[in-house]
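These notes concern the structure reproduced below.
Both counts, for ligands and for their atoms, begin at 1 and track the order of listing.
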Amino acid sequence: MTDRRTQLADNLARVEERISAACAAAGRKREEVTLIVVTKTYPASDVRLLAELGVRHVAENRDQDAAPKAAECSDLPLTWHFVGQLQTNKVRSVVNYADVVHSIDRNRLVAALSTAAVRAGRELDCLIQVALDAESGARGDRGGVAPDGVLELAGEIAGAEGLRPAGLMTVAPLAGPYAGRPRAAFDRLMEIATDLRAAHPAANMVSAGMSADLEDAVAAGATHVRVGSAVLGVRPRLG
Ligand SMILES: *Cc1c(COP(=O)(O)O)cnc(C)c1O
């Protein structure tokens, strides 16, 4: 059996090749796309190995798992991304380790994050999660605001102390008109991102693409891909 370090190194190399090939195919520079490794359900020891292998961005989706893991890894030169649905009673914990929150989808969360960030003396980059399959004015089943709610929410973030509007995030929808069409979904996200940048020029991050569809995201113009299972292996439990 190969050891864990070798396994992670091999997987990382394969993902790196995929990103490079997708960038080349799209006529983009490799530096335009940042790899975020989603370490949810995997132990702090894996995070440490990934950092040794050169990973600089990691993501988690549950505060209960992320908080102790981030504490164990606080000596590592990592940027921590929070990508899961976020309850307001968790924000005081999340602001202690997260540098970027990808899952902003309602005003109440903005207010809670702002209060917590100010109290902790931190500045957070905030991405608005877009539910491309949500009806106007609604939110998605797995979080996210409908496309027509993005600009208002960005205004809330821009006006909130301790928070910066940094861009958009989406997960390719499993239902609705974009089901099974990740490229079309990511193209739509890019249109919304262009509108957002017109109002907030610094909000230029576009977080899209996972293990199964990172090529589509890079082709569409994503700046950040969030890759879990292709690096760490298929997750043992739901997450
Ligand atoms: C788990 C997760 C990912 C990574 O998914 P993989 O298919 O394992 O690459 C990306 N984004 C979010 C929001 C996630 O929850």
Problem - Residue part near ligand 1, for V83, under 4.0 Å between non-hydrogen atoms - result: both
Completion exercise
For H224, the ring-ring contact (aromatic ring centres under 6.0 Å, His included) test, sequence neighbours excluded, returns none
Problem - Side-chain H-bond candidate by donor/acceptor type, D99 with T79, under 3.5 Å - result: no
Problem - Residues Y97 and D63: side-chain donor-acceptor under 3.5 angstrom - result: yes
Handout entry: ligand 1 N/O within reach of G228 N/O, cut-off under 3.5 Å
Key = yes
Handout entry: From R62, H102, K40 - option closest to atom 2 (C) of ligand 1 by heavy atom
Key = K40
Practice task
Provide the number and element of each atom of ligand 1 under 4.0 Å from a heavy atom of V227.
Solution key: 9 (O)
Problem - Those residues that, when tested against E72, pass side chain to side chain contact (heavy atoms under 4.5 Å, CB included) (two or more places apart) - result: A44
